[in-house]
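Throughout, a chain's letter reflects where its sequence line sits, starting with A, and its residues are numbered from 1. No experiment lies behind these values; they were computed from the predicted model shown. Side-chain atoms are counted along with the backbone in the values below, which use heavy atoms only and exclude waters and symmetry mates.
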There are 2 protein chains.
Amino acid sequence: MMKWLDEAGERFLAHISLDCVVFGWHANQLKILLLKVKNLDVLALPGGFVMQQETLEEAAIRTLQERTGVENVFLRQFRVFSDPLRSNPEDRARDLEMMGIGRKRAAWFAQRFISVGFYSLVDFSKVDPRPDMFSETCSWYNLEDRGKMILDHDHILQTALAALRMQLNHQPIGYNLLPRKFTLPELQKLYETILGKKLDRRNFQRKVFSYGILRSLDEKRTGVAHKAPYLYSFDLRQYQKALKLGLQGGW
Amino acid sequence: MMKWLDEAGERFLAHISLDCVVFGWHANQLKILLLKVKNLDVLALPGGFVMQQETLEEAAIRTLQERTGVENVFLRQFRVFSDPLRSNPEDRARDLEMMGIGRKRAAWFAQRFISVGFYSLVDFSKVDPRPDMFSETCSWYNLEDRGKMILDHDHILQTALAALRMQLNHQPIGYNLLPRKFTLPELQKLYETILGKKLDRRNFQRKVFSYGILRSLDEKRTGVAHKAPYLYSFDLRQYQKALKLGLQGGW
DNA sequence: CCAAAAGTGTTGTTTTTACACCCATGA
DNA sequence: TCATGGGTGTAAAAACAACACTTTTGG
């Protein structure tokens with residue numbers, strides 16, 4: 001029995017890390033915040049570790065505050081990635097060396113990590129991207145034309161996107177991705193982008209209005225080409241009430 | 001830098017455990033598989049640990065195979081529980097002592113655990129419940145009249161149920177909870193139970209048929225009171241195809 | 001033969017879809 | 001002034017909700 005315990009003491013320990021897929025919305029496009037790894041031509045998701053007295057959520061919030069300057073960012077767990085071989089071991093060894101991580105430290109990094117995936121939704125305009133100690137740059141990328149990604153981060157990103165799609169009707173994505181004031185066409189474009197399909201303008205408006213989650217602002221977006229669209233903001237109470245059941249009807 | 005690493009080496013290690021909320025369907029009721037803890041009047045979710053070369057999923061499947069005899073059970077991650085104080089520390093200490101766990105071992109158990117929650121859907125009739133080393137019994141309980149639960153297991157269970165509800169239209173719950181052959185009223189009752197509301201018989205049938213996920217069997221359930229209902233089984237291909245988009249329309 | 005559950009269609013209502021014209025603005 | 005995107009309503013089609021009678025079976 002004691003034997004079991006001793007084994008267990010070692011056997012069940014793992015390094016816990018977290019990786020965040022940070023979504024932002026800018027120029028009518030969905031953006032992701034990525035780090036360019038030092039000395040390597042690959043990108044990485046912002047990530048971090050969990051300290052003794054933190055929950056995962058607290059650790060993720062802390063990490064993202066370091067990376068974006070945003071306090072108390074919106075985030076959700078979506079999946080744990082626990083494959084002991086999270087990527088090709090040779091690739092990984094080479095990558096770590098290229099990053100300028102010495103053999104000793106590399107050995108540490110080569111241990112088993114279990115990583116908890118979060119997706120995060122932020123107001124693009126509030127983010128001030130800052131690289132971490134392993135990276136040269138931290139900046140926004142388009143989903144389509146991002147570059148090669150380290151480890152299994154590409155897989156994590158895809159999974160996050162799928163989770164986001166699935167939870168579209170249960171999470172306040174508009175509220176978190178858009179600035180406080182926004183136009184209906186902007187909101188529509190956001191939904192179209194996440195869903196990957198076009199929606200009818202009038203039907204979209206009717207439906208959104210029917211939820212009663214928008215507050216109309218008697219104000220128009222100025223300085224923009226063409227007819228000035230009205231501005232709206234979310235009625236957070238109503239939004240959250242509607243999300244509890246899920247926005248009914250789907251898209 | 002090396003200092004950081006050394007700290008890190010300790011700081012980021014945690015014990016990984018997993019807890020499974022096992023749902024079964026019997027006598028038109030949703031059941032959960034629970035363990036009665038030795039010497040204590042509390043119930044616990046089946047759980048286990050992750051070994052070095054396993055993924056979490058493999059560990060969960062192994063655990064449930066030990067607890068139910070079922071190989072390759074259906075399961076899904078739904079949440080990580082990482083609160084360092086997963087329940088009242090005094091309660092926990094007392095509980096561990098009562099379980100007959102010596103002080104040394106208790107200290108081990110009192111370390112920080114991060115637990116990954118899975119929900120699992122099994123064919124009740126295929127399960128042969130077996131207690132683990134910490135428990136007197138392993139058996140099925142009704143959702144409503146289960147007893148007090150250990151640690152934060154009650155919270156985990158509630159969260160699992162919420163996740164199950166949310167994913168109702170994206171997971172093959174019927175396929176996994178019902179035996180291979182089943183009747184429409186049984187399927188309906190299953191949906192009614194998970195959703196917590198009554199559905200109209202004729203509308204339910206029309207809708208399920210419209211998905212094209214059922215294979216009609218030209219066979220009736222015999223030996224049952226009243227008019228014999230027809231038997232059906234799932235057309236797994238069609239079911240999975242339909243689930244990809246989510247069963248449209250909701251309930 | 002009776003009580004209880006299962007099978008089966010129709011109708012009114014609501015929701016969804018498809019579609020076109022005028023307006024305001026910056027270039 | 002023109003090209004472009006934004007605002008707005010209606011009608012046909014589809015989906016949904018509500019509803020009752022007959023059949024079968026075991027007790």
Side-chain angles (χ1 to χ4, degrees), chain A residues 25-29 168-169 174 178-179 181-193 195-233 242 245-251, chain B residues 25-29 168-169 174 178-179 181-193 195-233 242 245-251:
Chain A
W25 183 251
H26 181 64
N28 278 346
Q29 286 189 299
L168 197 56
N169 294 321
L178 296 177
K181 299 177 180 184
F182 55 91
T183 68
L184 274 182
E186 283 162 8
L187 182 61
Q188 179 177 342
K189 199 83 211 305
L190 172 57
Y191 271 82
E192 288 180 340
T193 303
L195 290 165
K197 70 177 176 188
K198 285 238 167 299
L199 301 172
D200 180 273
R201 205 148 38 101
R202 283 167 286 190
N203 296 336
F204 179 81
Q205 300 195 1
R206 198 193 345 269
K207 173 160 266 198
V208 176
F209 285 143
S210 78
Y211 295 138
I213 60 179
L214 293 186
R215 213 195 307 275
S216 168
L217 294 185
D218 299 345
E219 203 181 335
K220 296 186 175 189
R221 166 131 309 159
T222 57
V224 70
H226 320 304
K227 183 171 183 176
Y230 291 106
L231 287 169
Y232 296 85
S233 66
L245 308 168
L247 299 184
Q248 287 309 306
W251 310 94
Chain B
W25 182 250
H26 181 64
N28 278 346
Q29 288 188 300
L168 197 55
N169 295 321
L178 296 176
K181 299 177 181 184
F182 56 91
T183 69
L184 274 182
E186 283 163 7
L187 182 61
Q188 180 179 342
K189 200 82 208 310
L190 173 58
Y191 271 82
E192 288 180 340
T193 303
L195 290 166
K197 70 178 178 187
K198 285 239 167 300
L199 301 171
D200 180 273
R201 205 145 40 98
R202 283 165 286 189
N203 295 338
F204 178 81
Q205 298 195 1
R206 195 189 352 265
K207 174 161 265 199
V208 177
F209 284 143
S210 77
Y211 295 139
I213 61 179
L214 294 185
R215 213 194 308 275
S216 166
L217 293 184
D218 298 346
E219 202 181 337
K220 295 185 175 191
R221 166 133 309 160
T222 58
V224 72
H226 320 303
K227 183 171 182 175
Y230 290 106
L231 287 169
Y232 296 84
S233 66
L245 308 168
L247 299 184
Q248 286 310 306
W251 311 92

**Asked** Can you name the side-chain contact (heavy atoms from CB on, under 4.5 Å) partners of B/Arg215, sequence neighbours left out?
**Response** B/Ser233, B/Asp235
**Request:** Only counting residues at least two apart or in another chain, list the ones meeting side-chain contact (heavy atoms from CB on, under 4.5 Å) with A/Ser216.
**Result:** A/Asp218, A/Tyr232
**Asked** What pattern of brackets, bars and dots sums up DNA chain C from 5' to 3', given Watson-Crick or G-U wobble pairs under 3.5 Å, [ ] for crossing pairs and | for another strand?
**Response** |||||||||||||||||||||||||||
**Item:** Whole angstrom value for the distance that separates C1' of D/dC21 from CZ of B/Arg201
**Value:** 11 Å
**Item:** Heavy-atom closest contact (B/Leu190 atom, B/Gly174 atom, distance)
**Value:** CD2-CA, 4.0 Å
**Request:** Report the distance from atom CZ of A/Phe209 to atom P of D/dG6, rounded to the nearest whole Å.
**Result:** 14 Å
**Request:** Any chance you could list the contact pattern along nucleotides 10-18 of chain C? Use B for base contacts, S for sugar-phosphate-only contacts and - for none, protein heavy atoms under 4.0 Å, 5' to 3'.
**Result:** B-----SBB
What N/O pairs connect the protein and nucleotides 23-27 of chain C at under 3.5 Å? Give each pair on its own line.
unit_1	atom_1	unit_2	atom_2	d
C/dA24	N3	A/Lys227	N	3.4
C/dT25	O4'	A/His226	O	3.2

**Prompt:** In whole angstrom, what separates B/Gln205's CD from C/dA6's C1'?
**Reply:** 8 Å
**Prompt:** Rounded to the nearest 0.5 Å, how far does CG of A/Leu187 lie from CD of A/Gln205?
**Reply:** 10.0 Å
**Complete:** CZ of A/Phe182 to CG of A/Leu214, rounded to nearest 0.5 Å, is 5.0 Å
**Request:** Establish, for the pair A/Lys189 and A/Trp25, whether the NZ or CZ atom is under 6.0 angstrom from the six-membered ring centre and no further than 45 degrees off its axis.
**Result:** no
**Prompt:** How far does OG1 of A/Thr183 sit from CG of A/Leu178, to the nearest 0.5 angstrom?
**Reply:** 8.5 Å
**Request:** Go through B/His226 and B/Val224 one step at a time and tell me if the side chain to side chain contact (heavy atoms under 4.5 Å, CB included) criterion holds.
**Result:** CA-CA 7 Å; B/His226 320 303; B/Val224 72; over 6 Å; no
**Asked** Looking at residues 182-193 of chain A, who's got a heavy atom less than 4.0 Å off DNA chain D?
**Response** A/Pro185
**Prompt:** Rounding to a whole Å, what distance do you find between B/Asn28:CG and C/dA5:C1'?
**Reply:** 12 Å
**Request:** For B/Tyr232 and C/dA6, give me the distance from atom OH to atom P, rounded to whole Å.
**Result:** 12 Å
**Prompt:** Atom CZ of A/Arg221 and atom P of D/dG5: how far apart are they, to the nearest Å?
**Reply:** 16 Å
**Item:** Side-chain (A/Lys207) to main-chain (A/Trp251) donor-acceptor, under 3.5 angstrom
**Value:** no
**Request:** For B/Leu199 and D/dC16, give me the distance from atom CG to atom C1', rounded to whole Å.
**Result:** 13 Å
**Atom pair OH/CG of A/Tyr191 and A/Leu168 - distance to nearest 0.5 Å** = 5.0 Å
**Asked** Side chain of A/Tyr211, backbone of A/Gln248: donor and acceptor closer than 3.5 Å?
**Response** yes
**Request:** Calculate the interatomic distance between B/Leu231 atom CG and C/dA5 atom P; express it in whole Å.
**Result:** 18 Å
**Request:** Any chance you could measure A/Lys220, atom NZ, to A/Lys181, atom NZ, to the nearest 0.5 Å?
**Result:** 15.0 Å
**Complete:** So OG1 of A/Thr193 and CD of A/Gln188: to nearest 0.5 Å the spacing works out to 10.0 Å
